[in-house]
Number of protein chains: 2
Amino acid sequence: MQLINGGVCAAQGFTANGIHCGIRKNTTKADLALVYSEIPANAAAIYTTNLVKGAPLLVTKAHLANGKAQAVICNSGNANTCNADGIEIAEKMSQLTADQLGIAADDVVVASTGVIGQRLNVEPIAAGLPQLAAGLSAEGADAAAKAIMTTDTIDKKVAVEFELGGKVCRMGGMAKGSGMIHPNMATMLVFITTDAAISAPMIQKALRCDVQDTFNMTSVDGDTSTNDMVTLLANGLAGNAEITEEGEDFAAFMKALNTITMHLCRMIAGDGEGATRLIECMVTGAADMAVARTAAKSVICSSLVKAAMFGADANWGRILCAIGYSGADVDVTKVDVAFRSAKGEIPVCKDGAGIDFSEEIAKEILLEKEIEILVSLGDGDCAATAWGCDLTYDYVKINGDYRT
Amino acid sequence: MQLINGGVCAAQGFTANGIHCGIRKNTTKADLALVYSEIPANAAAIYTTNLVKGAPLLVTKAHLANGKAQAVICNSGNANTCNADGIEIAEKMSQLTADQLGIAADDVVVASTGVIGQRLNVEPIAAGLPQLAAGLSAEGADAAAKAIMTTDTIDKKVAVEFELGGKVCRMGGMAKGSGMIHPNMATMLVFITTDAAISAPMIQKALRCDVQDTFNMTSVDGDTSTNDMVTLLANGLAGNAEITEEGEDFAAFMKALNTITMHLCRMIAGDGEGATRLIECMVTGAADMAVARTAAKSVICSSLVKAAMFGADANWGRILCAIGYSGADVDVTKVDVAFRSAKGEIPVCKDGAGIDFSEEIAKEILLEKEIEILVSLGDGDCAATAWGCDLTYDYVKINGDYRT
């Protein structure tokens, strides 16, 4: 398996585009994205567990009931959530897209991201769709990835090539997400496409399994969004024997999927609102997976750990504190902690107590852009990784006046 | 019942003092506090649920096994937590205090607060104790409250006068706490004294019941500390008939206790690290108490809500989002939200959807120092309040270089 270019257009038969249609006042920021498969694809999605769900998610869920989709329409600048006519607007967006492409409305995945509780005006979308559809191309992955950005500072896309039964398959994805990131069964918006042949139930199974160790282990600010959704469209154009059960092919598919999602998680966490550093917490030596995941996620969610990382301060006591209150059953007298980055690795805590270390070397390690917090629980063989970022002045700035 | 002066010395027979003994380098900041009862008092405490527990908590727990205490010794500047010799040092602190006062070591409540994982040097404490004990007085409540501060910007103390069976009783308390505030069965350090006569089991019952709606509903940053502890000493000098069961007297005692603790919660939240505003979230119309508490606490813990409050931004969508992911079983289509402060009240959301409101008036209301977020769930008669603060540049600054 190898990383390739092309994002959501890397797989055969997929085209995409992104334009500014006028939902945002800033005309230099694209706000409408379209992804299209030349034939109907098997599809599945996972949605936020937030009880407040964006209207587009409810409409998409209904559309994917038959396990089929052929297009994704997504606007940024307005979440179409907590609005009285949200469902109606999301359905209208789907219908307009379907009419433009000559497909059925229930083969459209519809998504919105941006501010909550402001009515979404469908007019700019209606007016922009002809141009958007006319510009669909295999080179449109960048434009689409840019059009779904909100406070993101970089567009997030990735693709891989892999083999299934001797056939070359490709899978690519794009994501948006920078704040309100604390996914639970999904994350902000993620769209993945592949030309591998795989049944809709197996797509659902693959996604559900994958997110446990990827998007559900990522957090920027502990706030689970109302509009989280990850969707995967598989159009089968690679010509492999359709995957309909677990086995070697499904395992290869899962490996490709996990490469895509892990990559996107790292990009989302590293581009967290205001972030200056990507923080990875790797917990090893756990008695079971639940303990490993709970402890790792508690560390990357701690405001105090996040602020210490911003200050490049090796304040490991806060890491122990976060493990201690995580709810995971841990013997704190067996916990070891070390920091690692491109500049090296430094142990700071052994058996739950501090050890002598050079503050200067620790500072040098922690000043890097990507930091690993290594936690060993000394209690078993299970491991998990969680992704987050530091807490900075800019996070406060971005969220202190998001709407103004 | 009325508020009075005197803090932990308001009740008969209690004296206190606070000095700089040298744990901190900054000689202008006191770092050692002592509270003394002229006779042994019935006592109880509640401790952090963090699995990582400060050594002083373990020693205090052993000392309070007999339900008696006569003194509290507390240093700031070092938490004496995650150190190999922590227990030994905490026991030494108790013994030195007991020797100085001529009481038993197991009648000493010992506490420490400050940085985790650095060895606590007991020498400055040993050297300072004679001066500390010699200065004990009924006017020493301020000095003691100041000596337990860490990043707190104001000392936190309160006292009330109330009656039990015709006898005038007094109760007073002091607290420290500004960061790592997300108590679970207790908060940072809180010491409460009373001259009411009440048995040790009833003190324990009163505390356990009270903290559910006070300290456990307070959060600054979502981080449950390793050194949380709230203790209550009752020396019985008011001469009331000892409370040994539930009834009218216990209810009056609970009311006094709740007044003290609620006051301290508001002070802790309002003085949260870097905070510019105290945020109170009042949830009404809940189907049960658990829903009310869970929803209220989720709102005041949301980084996005906290940042919006810093920016005086009426971004109510984030409040709905926080209720939605709280885990509480809520019908989001029935939720109403309003903001209130000394400048007035403004409804912003009705039945889960936005309503027209004046952004100018909302901004004026939210620019106040104390903000109430009023949430009505429209689903029953239960209510709960949670206390928190805004998320600011200064929180990041304080915690980005706490140790340096």
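Being a predicted model, the structure only gives us computed values, none of them experimental. Naming convention: chains lettered A, B, ... in sequence-line order (proteins, then strands); numbering from 1 in each chain.
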Counterpart residues, side chain to side chain contact (heavy atoms under 4.5 Å, CB included), relative to B:Ala328 (two or more places apart): B:Val291, B:Thr294, B:Ser326, B:Val330
Say you draw a straight line from CG of A:Leu391 to OH of B:Tyr395; how long is it, rounded to the nearest 0.5 Å? 7.0 Å
Do the non-hydrogen side-chain atoms of B:Leu320 and A:Ile116 ever get within less than 4.5 Å of each other? no
May I ask you to name which of A:Gly86, A:Ser298, A:Ser302, A:Gly117 has the most heavy-atom pairs under 4.5 Å with chain B? A:Ser302
Looking at B:Gly324, B:Cys349, B:Gly327, which one has more heavy-atom pairs under 4.5 Å with chain A than the rest? B:Gly324
Test side-chain contact (heavy atoms from CB on, under 4.5 Å) applied to A:Cys321 and B:Asn50, B:Thr81, B:Val52, the passing residue: B:Asn50
To the nearest 0.5 angstrom, please state how far the OG1 atom of B:Thr333 sits from the CG atom of A:Leu51. 11.0 Å
Considering all heavy atoms, the nearest B:Glu273-A:Leu304 contact: OE1-CD2, 4.4 Å
Rounding to 0.5 Å, atoms OH (A:Tyr393) and CG (B:Asp394) come to a distance of 7.5 Å
Do other residues, nucleotides or ligands put more than 12 heavy atoms under 6.0 Å from A:Asp288 CG? yes
Look at atom NZ of B:Lys61 and say whether more than 12 heavy atoms of other residues, nucleotides or ligands are closer to it than 6.0 Å. no
Would you mind checking which part of A:Val332 comes under 4.5 Å of any heavy atom in chain B, side chain (CB onward), backbone (N, CA, C, O), both or neither? side chain
Given B:Gly311, B:Ala307, B:Ala79, the one with more heavy-atom pairs under 4.5 angstrom with chain A than any other is B:Ala307
Heavy-atom pairs under 4.5 Å with chain A, option from B:Ala353, B:Ser303, B:Gly354 with the top count: B:Ser303
Nearest heavy-atom pair of A:Cys82 and B:Gly352: which atoms, and what distance? CB-O, 3.4 Å
